[in-house]
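In this chain, residues are counted from 1 in sequence order.
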Amino acid sequence: YIDAIRGIALCCMIVYHFRIDAPLFGFWLSSNTVFFMPSSLFWSIFQKVTAGTFLLLSGFSLQLKAEKSQLRGESFSQFVRSVLTQVIRVGAGAGLITLATWWLIPENMVSFGVLHLLASALVLNTLVVWFAGLKRLVLPLGLLLILVGAQLSGLSFPVEGLAWLGLPSATFQSYDYFPIVPYWGVTLVGVFLAQRFMLSQSQKYAPTLNSFAVVAQKVIHMLIVMGQHSLGIYLIHQPILLSMLWIARYVLHGQTTLL
C-alpha cells in the first residue's frame with residue numbers, strides 16, 4: 001500500500017496548492033475561515049505532514065528496493081544503475097521546476113525544492129540502504145539532522161550559495177525550499193522504518209482489496225495509480241490548477257490577470 005499512501009499524499013498536496021493558488025485569482029480573498037486564511041497553524045501542520053509523508057516514503061521505498069535487489073542476487077553496481085534511473089527522472093523534474101520558476105517568478109525561484117531534495121536523498125541513501133554495517137547509523141543520523149535543522153530554522157548566514165545545505169543567506173527566497181538539513185534526515189527515518197517493517201513481513205497482515213466494497217476498491221486503485229505516477233502528477237498539477245482558476249476567473253468576472 002505504499003503507492004496508495006503516496007496517492008493520498010498527492011491529493012493532500014493538490015488541496016494545499018489549491019488553497020494557495022485560489023486567492024491569486026481573487027477567490028475567497030477576504031474569507032476568515034480556516035481553509036483560506038493566509039496563514040494558520042492548521043495549514044502549516046498540513047503542509048509539513050504532506051511533505052514529510054513523501055520524504056518518509058522515499059526512504060522506505062528505497063530500502064525495500066535494496067532488499068528485493070539483494071534477494072534477487074544482484075550486485076551493488078546493478079542496484080546503483082537502477083537507482084540512477086530514478087535519480088535522472090527526479091532530477092530532470094527538479095530542473096524543469098527550477099527553469100519554470102526562474103522564468104515565471106525569478107524573485108522566488110526554486111533552486112532546491114522537494115524534487116531536488118528527493119534526487120539528492122536517492123544518491124545519499126544508496127550506500128545506506130545497501131550495506132548492513134551502516135544500518136545502525138540510520139536512525140541516529142536522521143534524528144541528528146532533524147534536530148540540527150530545527151535549531152537552524154529561521155536563521156540566515158553571511159554566505160551565499162549554501163542554501164541547499166540548510167544555510168540560507170539573508171537575501172535567499174524560494175517558493176519551495178527543502179534543504180539537505182534537516183530533510184535528508186526525514187528520508188533516513190523512512191529507511192529505518194522499512195528496516196523494521198519489511199514488506200515480506202507486513203504482507204501477511206495487510207488486508208486484500210477483496211475485503212473492501214466495490215467503491216472502496218476503485219478509490220484505492222485510483223490512489224495506487226496516482227502513487228505510481230507521482231512525479232508526473234507533481235509536475236502537471238500546478239499548471240492544471242492555475243488554468244482552471246484562470247478560466248473560472250474569466251467566466252465569472254471577465255478578467256484574465258492575477259491580483
V110 reachable from L162 in the ILVMFWY side-chain graph, under 4.5 Å edges: yes
For residues L56 and V189, report the shortest heavy-atom separation together with the two atoms involved. CD2-CG1, 3.8 Å
Output, in order, the C-alpha distance, side-chain angles, deciding distance and verdict of side chain to side chain contact (heavy atoms under 4.5 Å, CB included) for L235 and L115. CA-CA 10 Å; L235 292 174; L115 290 185; 4.0 Å; yes
Q70 side-chain N/O to W130 backbone N/O, donor-acceptor pair under 3.5 Å: yes
Supply the atom-to-atom distance Q228 CD to I233 CD1, rounded to the nearest 0.5 angstrom. 10.0 Å
Measure up the H17 and H237 rings against each other and bin them: parallel (under 30°), tilted (30 to 60°), perpendicular (over 60°). parallel
At what distance, to the nearest 0.5 angstrom, does CD of Q47 lie from SG of C12? 11.5 Å
Using side-chain heavy atoms (C-beta onward) and a distance below 4.5 Å, is L117 in contact with W164? no
Residue pair Q238 / D21, side-chain heavy-atom distance below 4.5 Å: yes
Write down the atom of F112, the atom of P179, and the distance for their closest heavy-atom approach. CD2-CA, 4.0 Å
Decide yes or no for I247 and V251: does some side-chain heavy atom of the first lie under 4.5 Å from some side-chain heavy atom of the second? yes
Do you know which two heavy atoms are closest between I180 and S120, and how far apart they sit? CD1-CB, 3.9 Å
Quick check: are there more than 12 heavy atoms from other residues, nucleotides or ligands sitting under 6.0 Å from CZ of R72? yes
F79/T126 under side chain to side chain contact (heavy atoms under 4.5 Å, CB included): CA gap, chis, key distance, verdict: CA-CA 9 Å; F79 174 66; T126 298; 3.8 Å; yes
Side chain to side chain donor-acceptor pair (under 3.5 Å) assessment of S61 paired with R6: CA-CA 11 Å; S61 299; R6 189 179 285 115; 3.0 Å; yes
Could you give the distance from CD (E67) to CG (L71), rounded to the nearest 0.5 Å? 6.5 Å
Test side-chain contact (heavy atoms from CB on, under 4.5 Å), reference L57, set D3, T187, L193, I2, output is I2
How far apart are the closest heavy atoms of T101 and T98, and which atoms are they? OG1-O, 3.1 Å
Is there a side-chain contact between L62 and V191 in this structure, where contact means two heavy atoms from C-beta onward sitting under 4.5 Å apart? no
Gap separating the CZ atom of R19 from the CG atom of L241, nearest 0.5 angstrom: 14.0 Å
Determine the minimum heavy-atom distance between L10 and M226, stating which atoms define it. CD1-O, 3.2 Å
Chi angles and distances behind the side chain to side chain donor-acceptor pair (under 3.5 Å) call for Q173, E107: CA-CA 7 Å; Q173 295 184 71; E107 68 281 1; over 6 Å; no
Should L104 and V114 be counted in the same cluster of Ile, Leu, Val, Met, Phe, Trp and Tyr side chains packed under 4.5 Å apart? no
Could you walk me through whether L152 and F157 pass side chain to side chain contact (heavy atoms under 4.5 Å, CB included), step by step? CA-CA 10 Å; L152 296 177; F157 300 86; 3.7 Å; yes
Given the rule that I, L, V, M, F, W and Y join up when any side-chain heavy atoms are under 4.5 Å apart, are F172 and V181 in one cluster? no
Might you confirm whether atom CE of M244 has over 12 heavy atoms from other residues, nucleotides or ligands at distances under 6.0 Å? no
Going hydrophobic residue to hydrophobic residue with side-chain gaps under 4.5 angstrom, can you get from L231 over to L55? yes
Using modelled atom types only, decide if a donor and an acceptor are shared between the side chain of S58 and the backbone of F54 within a distance under 3.5 Å. no
Any side-chain heavy-atom pair of L188 and F192 under 4.5 Å: no
Looking at P239, is its backbone amide N or carbonyl O close enough to the side chain of S243 to form a donor-acceptor pair, meaning the two atoms are under 3.5 Å apart? yes
State the CG-SG distance between L223 and C11, to the nearest 0.5 angstrom. 5.5 Å
Find out whether T171 and E160 are in side-chain contact, i.e. whether some heavy atom of one side chain is under 4.5 Å from a heavy atom of the other. yes
Kindly say whether V148 contributes a backbone atom to a donor-acceptor pair with the side chain of Q151 at under 3.5 angstrom? no
Rounded at 0.5 Å granularity, tell me how far CD in Q86 sits from CZ in R89. 7.0 Å
Taking the side chain as every heavy atom from C-beta outward, state whether Q78 and S69 have any pair of such atoms under 4.5 Å apart. no
Return the minimal non-hydrogen interatomic distance between W184 and A121, and the atom names on each side. CD1-CB, 4.2 Å
For side chain to side chain contact (heavy atoms under 4.5 Å, CB included), just list the numbers for V128 and L124, CA-CA rounded to whole Å, side-chain angles, deciding distance to a tenth of an Å, and then say yes or no. CA-CA 7 Å; V128 174; L124 293 169; over 6 Å; no
With a 4.5 Å limit on heavy-atom distance, are the side chains of D176 and I97 in contact? no
Consider only side-chain heavy atoms of I, L, V, M, F, W and Y, link residues closer than 4.5 Å, and tell whether Y177 and W43 are in one cluster. no
Are F131 and F76 near enough that their ring centres are under 6.0 Å apart? yes
